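Structure first, commentary second.
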Amino acid sequence: MAQGGKHIANVTPPEAADDPPFDLPEAPPREAEPSVSARALQRTTAHTYMDGLNPEQRQAVEALDGPVLVLAGAGTGKTRVLTTRIAHILASGRAYPSQVLAVTFTNKAAREMKERIGDLVGGAVEGMPWLGTFHSIGVKILRRNAELVGLSSGFTILDTDDQIRLMKQVIEAEGLDKDRWPARQLAALIDGWKNRGLTPDKVPAGEAYGFATGKGAHLYAAYQRRLKELNACDFGDLLLESLRLFLENPDVLADYQRRFHYILVDEYQDTNVVQYLWLRLLAQGSPNLCCVGDDDQSIYGWRGAEIDNILRFEKDFPGAKVIRLERNYRSTGHILAAAAGLIAENKGRLGKTLFTDDQPGAKVSVTAVWDDEEEARGIGGDIEEMQQARQSLDEIAILVRASFQMRAFEDRFITLGLPYRVIGGPRFYERQEIKDAIAYLEITANPVNDLKFERIINVPKRGLGDTSVKRVRELARMRSIPMYQAAQLIIETEELTGRARKSLSDLIANFERWRSVISHLKHTELAELILDESGYTAMWQADKSPQAQSRLENLKELVRSMHEFESLQGFLEHVSLVMDTDQAAGGDRVSLMTLHAAKGLEFEVVFLPGWEEGLFPHQRSLDENGQAGLEEERRLAYVGLTRSKRLAKVSFAQNRRNRGLYQSALPSRFVDELPEDHVDILEAKMPFGGAYENFGGTFGNSYRRSRFDDAATPFEASYKTPGWQRAKARTREGFSRDAARKSRGPTTIEGELVASSTQQTSFKPGERVLHQKFGPGTIAGVDGNKLTIEFDEAGRKRIIDSFVERG
DNA sequence: GTTCGCTCACTTTTT
DNA sequence: GTGAGCGAAC
């Protein structure tokens, strides 16, 4: 990526001239060094890489010509197929490594693929320059052709923080009230537009109303202008701008089309509109497009993923071959059957039936508990028993719908002294101290990054407040120079007061000194020097808050992680895109994470707590996306169940403390959708025996009373007892039909309500409406059949049109 | 320029 | 109930 700039004039990549003859299987590598393809060829004779594939997998590997959709169910060997297919392409001499485009969503997936191809082909895969995430490939293409989209090849990539800081400035520059129109919201809006491939001029008028009374699109345009001035891109631009590059420069597009003979896409069900358009353009060059995915595991609709992309594949790519991988190598029979029964309730799916030759194993267990605390106690107890039975904790996971659920478990595990790890939380490079440290390093290496400079200009506090910063910024904009340079000028003048002037000139002097030693100091030593001399380390040492210690640890870890890189430059280039560190390490521990974070992982034992209406499926998902939202939630449940190899344990609480408030809850409809033949109803354990008797009467609420009154003790409820039978009946008829219609609107009614951006509503911005739960409000924006409504009481919400009436 | 206290929101999250 | 973020007071 670093040398990208040198390629600007030379759009044609050198390797393109060396395209191997397409139909000669044994196209010889021309280079002297043993290339990946050469090593792959050596392996061909041994045929090791195809060993052990089942017939469908083999078919997916060998179907090299034309469009192919591999529908790979959970645990059916998806990654194996992808990597083997690449190995096969290389080994059969069909293409050079540089002619294969392979895209993933996460760095982790890309890394894994590289490793596994390396294993198959026998060596590291330096020769696969186009295997990476959508974003990293977008950057690569953009850097080579930056001038064509108004950037220069050294453009910086903004992270979310920078993005928001910049948007705040844009909002203020437009003379808008930054409190009434929060930058976060604008960022989300613009992100959404970018995901859908919309440049500022293409934003539909109705949606632009949603922000700052119609100024949404205008702000978007202003923001894009500022980005160009700063020679910067946000994440969305990496794709949208490379799409624009292709559309506006047919010669560049044609060049890449010629280059990529084979295109492979992982997790196709997660692609958004831009990614789809981008792929479709590239695939026009070579029809050898292979998309691997599972429509049943599409759980990222809320961040722009279009499940339609995968559902439409055969229409988009006529003559496409569809291969289903249905043999599951992960879970035992009952778990698989329970998951299959659940997902069968979804309408919008291509349809697959997973099967296994494994044992039926244990049924999925369902447990009703009193509240979230008891749930945590129960699961904690179960885990301790398993631990005594020598079950490795690494193979146990608790998968929750929302992160606030984690708290109860963490509290409990801490009391029990049970080792656990939280996966997914704020990632290493997202932490404040890490971002600050990186900003220091960045400014030292590259003083033109204004947003990074603003980030640390007054961190630690050195008396440079808003007014001083504003002066510097204004001078920078007036002269069209970076703020760092403006700061250098301003300290020579009387612009700033004595104190501010002194500390700014000290800061600049520091940076100058650090920069002067870049070349003769090891980059890790330089980092330590900077963190010390800037007073940054001292700032946290002086901090007496409980997190300060771990922040210092993180800083040490940062320096440690820099050892892997050659130079400061090399390190900085990686952090802008490759923002993850391994979280898995650290001894035998129970894993705690959200269902979303669990996708792609597997565990022997999986606990699935919190299966309650309103939490899972989440109320907001239902409100905002209707039937489509419900189906996505159901897929999430399916993902949860299919993570489990041997034991899946579902539970739901009858009461949950949500936001300080103790509220009664009904079992999730998903509980009842699990096929009974594959489910075991367990009784909750009663660690405090008699104490529980009280709950029935004293603390009972109307729901609970009516459901469990008749049972001798509340927790003997099982499918067999009358109490449970009635509860179930109530859940099905009483709640799902009537109550649902009354209290939540018609979400659950079969299949009519689908959120869609194509379906237009008759509502217009400015109209007054009435919602059953949120009361009266005014429509602020329209997006298909989704309305953004400013409720008089409840604030701003996004709601499907059929949930409100004119009022 | 810093600190205190109030208000607000609170599903999921990668790059 | 809790934490973050912002405005007003020091």
Side-chain angles (χ1 to χ4, degrees), chain A residues 103-110 132-139 157-160 163-164 168 177-179 182-185 188 191 194-195 233-240 267 270-272 274-275 298-305 372 399-408 411 423-427 429-430 432 458 460-469 497 499-500 503 545 547 574-580 593-600 610 614-625 629 632-633 635-637 639-640 657-662 794-798:
Chain A
V103 274
T104 64
F105 275 85
T106 61
N107 291 305
K108 192 177 160 212
T133 62
F134 275 101
H135 294 265
S136 67
I137 286 166
V139 178
I157 299 162
L158 304 192
D159 59 32
T160 320
Q163 199 184 339
I164 293 198
K168 223 175 245 166
D177 182 355
K178 68 170 166 36
D179 299 322
R184 299 201 134 274
Q185 205 179 313
D191 243 21
K194 287 186 175 176
N195 284 159
C233 264
D234 63 19
F235 284 121
D237 284 336
L238 297 180
L239 286 158
L240 185 54
E267 306 275 19
D270 287 338
T271 50
N272 61 29
V274 210
Q275 286 157 343
S298 164
I299 54 173
Y300 285 112
W302 50 273
R303 67 178 196 212
D372 45 336
L399 311 182
V400 298
R401 176 62 183 77
S403 46
F404 75 81
Q405 292 173 262
M406 290 185 188
R407 220 198 131 128
D411 285 352
I423 294 192
R427 277 180 309 288
Y429 286 102
E430 308 255 283
Q432 185 192 341
N458 198 29
K461 301 237 177 339
R462 47 172 74 88
L464 293 164
D466 276 355
T467 25
S468 313
V469 175
T497 59
R499 198 169 150 231
S503 49
S545 72
Q547 306 100 319
H574 267 258
V575 286
S576 62
L577 265 185
V578 189
M579 292 245 196
D580 58 356
M593 70 191 93
T594 63
L595 286 157
H596 283 93
K599 198 171 98 169
L615 175 60
F616 190 34
H618 200 280
Q619 192 60 46
R620 238 167 114 171
S621 183
L622 264 32
D623 281 347
E624 291 176 9
N625 295 300
E632 181 156 313
E633 295 282 305
R635 290 192 290 269
L636 202 47
V639 167
R657 199 178 13 233
N658 200 354
R659 357 182 142 154
L661 274 174
Y662 213 56
R796 205 184 184 82
K797 303 223 183 293
R798 297 240 298 165

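First the proteins, then the strands, lettered A, B, ... as listed; each starts at 1. No experiment lies behind these values; they were computed from the predicted model shown.
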Got a donor-acceptor contact below 3.5 angstrom from the [X] side chain to the [Y] backbone?
X	Y	result
A:Asp234	A:Leu158	no
A:Gln405	A:Arg401	yes
A:Asn272	A:Gln275	yes

Measure the shortest side-chain to side-chain distance between A:Thr133 and A:Phe105 over non-hydrogen atoms and say whether it is less than 4.5 angstrom.
no
For A:Val469 and A:Leu464, work out which heavy atoms get closest and say how close.
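Where A:Val469 meets A:Leu464 most closely, the heavy atoms are CG2-O, 3.9 Å.
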Shoot me the first and last contacting nucleotide of DNA chain C against chain A, ordered 5' to 3', at under 4.0 angstrom to non-hydrogen atoms.
C:dG1 to C:dG7
Using the side-chain contact (heavy atoms from CB on, under 4.5 Å) rule, take A:Asp191 and A:Gln163 through it: C-alpha gap first, then chi angles, then the decisive distance, then the call.
CA-CA 10 Å; A:Asp191 243 21; A:Gln163 199 184 339; 3.6 Å; yes
Pick base, sugar-phosphate or nothing for [X], based on heavy-atom distances below 4.0 Å to the nucleic acid.
X	result
A:Arg184	nothing
A:Leu464	sugar-phosphate
A:Asp270	nothing
A:Ser503	nothing

Contacts of type side-chain contact (heavy atoms from CB on, under 4.5 Å), residue A:Lys599, not counting sequence neighbours
A:Glu267, A:Gln269, A:Asp270, A:Gln297, A:Ile299, A:Tyr300, A:Val639
For C:dG5 and B:dT12, measure between their C1' atoms and round to the nearest Å.
23 Å
Report each atom pair, protein N/O against N/O of nucleotides 10-14 of chain B, whose distance is under 3.5 angstrom.
| unit_1 | atom_1 | unit_2 | atom_2 | d |
| --- | --- | --- | --- | --- |
| B:dT11 | OP1 | A:Arg620 | NH1 | 2.1 |
| B:dT11 | O4' | A:His618 | NE2 | 3.2 |
| B:dT11 | O2 | A:Arg401 | NH1 | 2.8 |
| B:dT11 | O2 | A:Arg401 | NH2 | 2.2 |
| B:dT12 | OP1 | A:Ser403 | N | 2.6 |
| B:dT12 | OP1 | A:Ser403 | OG | 2.3 |
| B:dT12 | O4' | A:Arg401 | NH1 | 3.2 |
| B:dT12 | O2 | A:Trp302 | NE1 | 3.1 |
| B:dT12 | O2 | A:Arg401 | NH2 | 3.3 |
| B:dT13 | OP1 | A:Thr594 | OG1 | 2.6 |
| B:dT14 | OP1 | A:Arg427 | NH1 | 2.7 |
| B:dT14 | OP2 | A:Arg427 | NH1 | 2.7 |
| B:dT14 | OP2 | A:Arg427 | NH2 | 2.6 |
| B:dT14 | O4' | A:Arg303 | NH1 | 3.4 |

Do A:Trp302 and A:His596 have their ring centres less than 6.0 Å from each other?
yes
